[in-house]
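These notes concern the structure reproduced below.
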Amino acid sequence: MSELKIFSRRDLLRGAGAVGTAALAGTTGAPSTADAAVAAAEPQAAVNASATLTREAFENLTAVEADLLEGIVERLIPSDATGPGAKEARAAHYIDRALGGALASSKPAYTAGLAALDRYAQSSRGKRFLELPDRDKDSLLMDCEGGQATGFTGSSAQFFGMVLGHTRQGMFGDPYYGGNANFVGWDLIGYPGVRTMVTATDQRSLEAGQMKPNHRSAYDFETFNKATAKDDSHDGDHSAHTGDLAHGD
Amino acid sequence: MATRLKDTDVVVIGLGAAGGVAVLPLAQAGLEVIGLEAGGAMTRRDFAPDEIRNNVRGWPMLSSHKTNQEAPTVRATASANAVQGGHPMMNAIGGTSLHYWAQHWRLNPWDFKVKSETTRRYGASRLPKGSTVEDWPFGYDEIEAYYDKIEYELGVSGQAGNVNGKIDPRGNPFEGPRTRDYPMPPLRWTAFHDKMAAAAKSLGWNPFPGPAAINSRSYQNRSGCGYHGYCNTGGCHVDAKNSTAVTTIPRAQATGHFKAVTGATVTQINVDSQGRASGVTYLANGEEFFQPAKAVLVAGFTYENSRLLLLSKSAAFPKGLANNHGQVGRHYFSHHQGAPVTALFPFDLKAWYGLPAQGVAVDNFADDNWDHSKVDFIGGSNLWAMSDRRPISASGMNTFGMAPNWGSQWKAFIKENADRVHSSYIQKTTLPYEDNFLDLDPVVKDPLGLPVIRITAEYKENERKIAEHSQEQMEKWYRAAGAIQIAKAPTGGIMGASTHAYGGTRMGDNPDTNVVNRWGMSHEVPNLGVLGASVMGTSGARNPTHTVQALAWRTADHIVKNWKSIAL
């Protein structure tokens with residue numbers, strides 16, 4: 001179970017050398033370093049991926065669930081004229097990994113919700129979700145968002161809100177957790193990146209539009225102890241729908 | 001059977017913002033002090049700029065095993081069902097002072113005399129119905145020296161507005177007189193802060209930089225602030241946030257008279273046959289210990305303080321320790337710090353770096369700083385325009401009805417606007433009421449089988465009217481700075497578990513309505529003191545920690561000066 005220790009990309013590359021990178025290079029068209037690291041962390045997964053050359057192993061979701069989730073996040077934050085979307089950010093991989101750790105308490109909701117969504121696609125549109133054209137996928141997701149989709153445990157809006165919140169985390173969170181690959185999320189909204197010190201000169205440079213994006217994970221800075229799944233697995237997800245936990249201090 | 005430990009002079013329960021301060025003057029006076037802390041110790045290496053861990057998953061706030069197991073239940077009124085939710089408590093050396101925003105305000109003189117000043121200026125009928133508000137047992141003048149001590153001992157940056165009665169227009173003209181400047185200049189402003197300050201001036205207001213327990217330059221051999229943007233619910237990676245973990249606690253340890261015990265969950269304060277506190281019982285590594293002490297200081301979060309007293313039942317105190325007058329848990333309130341106004345600007349704010357304690361304050365509508373003759377509420381709000389933006393929270397921005405919440409249109413909207421949105425932080429006068437209180441939950445228990453605290457509280461008309469009024473002012477301010485869209489949050493209902501939680505062990509001269517006396521010592525148990533916002537009877541329109549720490553130092557001073565009579 002890889003969630004017991006989340007490796008930094010640096011750790012992994014140091015430990016695994018070029019093997020992981022090579023293994024992954026064969027699996028996708030444009031691997032990021034994060035991709036390579038994830039594959040390298042799981043020698044077995046890397047071997048499998050290398051052998052089939054078709055898909056990467058997910059850690060917690062089944063192949064059917066993973067495909068469906070990929071199809072959903074792709075519509076929530078699409079790849080389009082404004083740049084890469086949640087698929088390119090590997091948001092589904094972020095969610096998958098977290099479901100074995102910090103978001104473990106949400107695993108049953110994913111299993112049940114994804115199945116319910118596909119059943120609802122069949123019953124309302126006559127096809128499985130992934131077989132629908134984008135327009136129908138979107139209208140179906142709008143049904144879920146509005147709570148009108150039937151067949152869900154609880155409200156479909158609750159499931160939708162959870163997936164949307166986690167997708168944003170996978171798009172805009174630190175790449176250390178497996179999403180925001182190649183910093184596509186941070187680049188989209190113009191976040192200039194993690195720094196440990198921002199001087200008055202740096203701030204003026206930002207204000208003048210001259211600050212260059214810093215493409216680094218927090219854990220690329222050697223000064224910090226690595227987060228472990230143990231740290232953040234106490235009670236799952238407290239803020240997928242509401243943003244930060246508390247306002248004010 | 002609990003293992004009886006060696007006697008000590010003072011045992012302090014909780015080494016956070018309050019207990020972590022009190023141990024220093026006690027130890028410096030040569031008293032033998034033991035601090036019991038349920039959490040562990042953290043260092044700057046633990047404080048990575050990691051939004052997922054710090055903000056989304058609630059770390060380090062929720063890494064506290066003790067408090068996680070005793071999250072309060074909450075209900076608006078006594079007829080509603082109380083439900084367990086989240087909580088803002090943290091167990092660690094330094095407690096919540098590790099990751100708080102560190103806005104370090106003194107209360108204003110009016111906050112100590114809400115009842116008498118309102119009566120004098122507008123008549124007693126203007127006191128909100130059902131409010132149990134009392135004047136503090138002393139005024140601002142009494143606590144000024146302790147505010148000053150905290151500012152210099154811990155390190156507070158800011159711009160003075162009133163030094164010995166001389167008004168400095170760069171600071172807050174409404175603040176109480178201070179004897180000297182802050183030890184450090186204020187945190188810097190960005191171009192957006194300059195714009196907001198200019199807009200406030202154009203409205204005839206008096207903008208100024210707020211005070212922060214954060215180094216604006218190197219202080220006491222600790223670094224100045226790095227403005228890196230992960231201060232909100234994050235510890236400081238350069239020790240520029242002046243938590244008790246990097247200021248008073250190490251200095252107390254250096255005296256040789258103070259020992260911190262970590263991983264200690266206190267379950268009971270014990271009393272002797274005379275009804276005096278004899279020490280405390282705690283659990284550590286599954287074993288039970290009894291720590292005898294001549295004096296006991298309760299210094300947990302507001303919820304922990306009332307809970308521990310209520311749990312400490314004995315023959316002398318059948319309703320809980322120091323509760324024979326039935327006042328423990330009364331006069332509870334959560335600060336009204338919600339109901340923000342959010343604004344959209346037609347230009348980038350360049351707000352990706354900075355911290356919530358860095359910003360522009362306006363006090364023109366706070367406290368009784370303006371004539372309330374023509375409004376139907378008392379008190380007011382501090383308006384605060386700060387820096388606080390991180391990528392995930394930015395992606396959750398209000399879309400002002402201009403875009404859906406997902407899809408290509410949304411993506412284009414946040415690409416354009418993620419750095420164009422600003423949300424205000426507005427703290428409002430909040431009062432205690434008869435029917436807002438804490439007690440032990442009759443059903444929900446922690447894994448030890450001990451009941452959790454139950455909050456029964458809601459904002460009343462006075463707080464909601466302040467919220468409405470403050471939102472109008474905030475909208476004016478944003479519009480003057482060029483905002484093109486405004487959204488206002490609802491003005492408030494249920495009082496949830498809050499970072500600013502007050503009361504439950506209120507301070508006052510009258511034992512029929514207060515748990516502790518003017519020195520923070522129990523009216524009923526002479527060698528028991530209480531530290532924290534649980535002793536505060538009014539909130540003011542600003543963060544409580546500075547007042548909590550000034551009071552903690554003052555109670556410790558009182559114990560030192562009266563040690564012979566307190567220790568017997």
Side-chain angles (χ1 to χ4, degrees), chain A residues 75-78 80-83 85 102 138 141 145 164-165 167-169 171-174 176-177 180 185-186 188-192 194-200 202-204 206-207 209 218-219 221 223-227 231-232 234-240 242-249, chain B residues 44-53 55-59 61-63 68 86 88 96 100-103 188 190-191 226-229 232-233 237-238 335 337-338 340 348 350 352-354 356 391-396 405-408 411-412 414-415 418-419 425 427 498-500 543 545:
Chain A
R75 297 313 305 155
L76 294 179
I77 310 180
D80 57 18
T82 58
D138 288 355
L141 290 171
E145 184 181 26
L164 179 60
T167 302
R168 288 182 184 168
Q169 292 167 19
M171 180 82 185
F172 302 103
D174 192 301
Y176 178 72
Y177 294 94
N180 190 13
W186 290 355
L188 173 71
I189 54 176
Y191 174 52
V194 172
R195 291 155 208 268
T196 54
M197 184 67 69
V198 178
T199 64
D202 294 336
Q203 177 66 29
R204 279 193 295 272
L206 172 68
E207 286 166 7
Y219 299 99
F221 295 87
T223 45
F224 298 117
N225 293 329
K226 304 291 182 275
D231 281 334
D232 52 29
H234 288 290
D235 198 17
D237 181 23
H238 289 265
S239 54
T242 57
D244 291 353
L245 183 75
H247 189 88
D249 69 336
Chain B
R44 52 167 80 181
R45 289 186 58 80
D46 296 310
F47 301 133
D50 177 347
E51 185 181 14
I52 285 187
R53 187 181 66 173
N55 305 97
V56 174
R57 295 181 185 169
W59 185 100
M61 214 180 253
L62 293 171
S63 65
N68 284 346
T96 52
Y100 76 142
W101 291 9
Q103 289 179 280
R188 73 177 187 234
T190 67
Y227 297 87
H228 76 332
N232 182 348
T233 326
H237 63 303
V238 292
H335 208 183
Q337 51 178 332
D348 291 348
K350 306 296 184 186
W352 290 110
Y353 302 108
I392 297 171
S393 72
S395 77
N405 287 317
W406 53 277
S408 277
K411 188 165 166 245
I414 61 155
K415 179 182 166 68
D419 189 32
Y425 178 46
Q427 299 185 74
S498 175
T499 51
H500 297 194
N543 315 64
T545 303

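Order of the sequence lines fixes the chain letters, A, B, ..., with proteins taken first and strands second; residue numbering starts at 1 for each chain.
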Interface moiety of [X] toward chain A, non-hydrogen atoms closer than 4.5 Å:
| X | value |
| --- | --- |
| Asp46(B) | both |
| Asp348(B) | neither |
| Pro49(B) | both |

Max heavy-atom pair count under 4.5 Å with chain B, selected residue of [options]:
| options | value |
| --- | --- |
| Glu145(A), Arg204(A), Met171(A) | Glu145(A) |
| Pro192(A), Gly185(A), Ala218(A) | Pro192(A) |
| Asp138(A), Asp174(A), Asn180(A) | Asp138(A) |

Legend entry - Thr233(B) OG1 to Glu51(B) CD distance, which is reported to the nearest 0.5 Å: 10.0 Å

In terms of heavy-atom pairs under 4.5 Å with chain A, which of [options] leads?
| options | value |
| --- | --- |
| Ala48(B), Ser498(B), Ala418(B) | Ala48(B) |
| His237(B), Arg44(B), Lys411(B) | Lys411(B) |
| Ala394(B), Ser408(B), Pro356(B), Gly396(B) | Ser408(B) |

Legend entry - Salt-bridge contact Arg195(A)-Asp202(A) (side-chain N to carboxylate O under 4.0 Å): no

Inset, instruction - For Trp186(A) and Val194(A), run side chain to side chain contact (heavy atoms under 4.5 Å, CB included): C-alpha distance rounded to whole Å, both residues' side-chain angles, the deciding distance at 0.1 Å, then the answer. - result: CA-CA 10 Å; Trp186(A) 290 355; Val194(A) 172; 3.6 Å; yes

Legend entry - Residue pair Asn405(B) / Arg168(A): nearest heavy atoms and the distance that separates them: O-NH2, 2.9 Å

Inset, instruction - May I ask you to decide if the ring planes of Tyr219(A) and Tyr176(A) are parallel, tilted or perpendicular, using 30° and 60° as cut-offs? - result: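 Rings of Tyr219(A) and Tyr176(A): tilted, 30 to 60°.
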
Legend entry - side chain to side chain contact (heavy atoms under 4.5 Å, CB included) between Phe172(A) and Tyr191(A), worked out: CA-CA 9 Å; Phe172(A) 302 103; Tyr191(A) 174 52; over 6 Å; no

Inset, instruction - For Tyr227(B), check side-chain hydrogen bond (donor to acceptor under 3.5 Å, both in side chains) against everything at least two apart and list the hits. - result: none

Legend entry - Portion of Thr167(A) that has a non-hydrogen atom of chain B nearer than 4.5 angstrom: neither

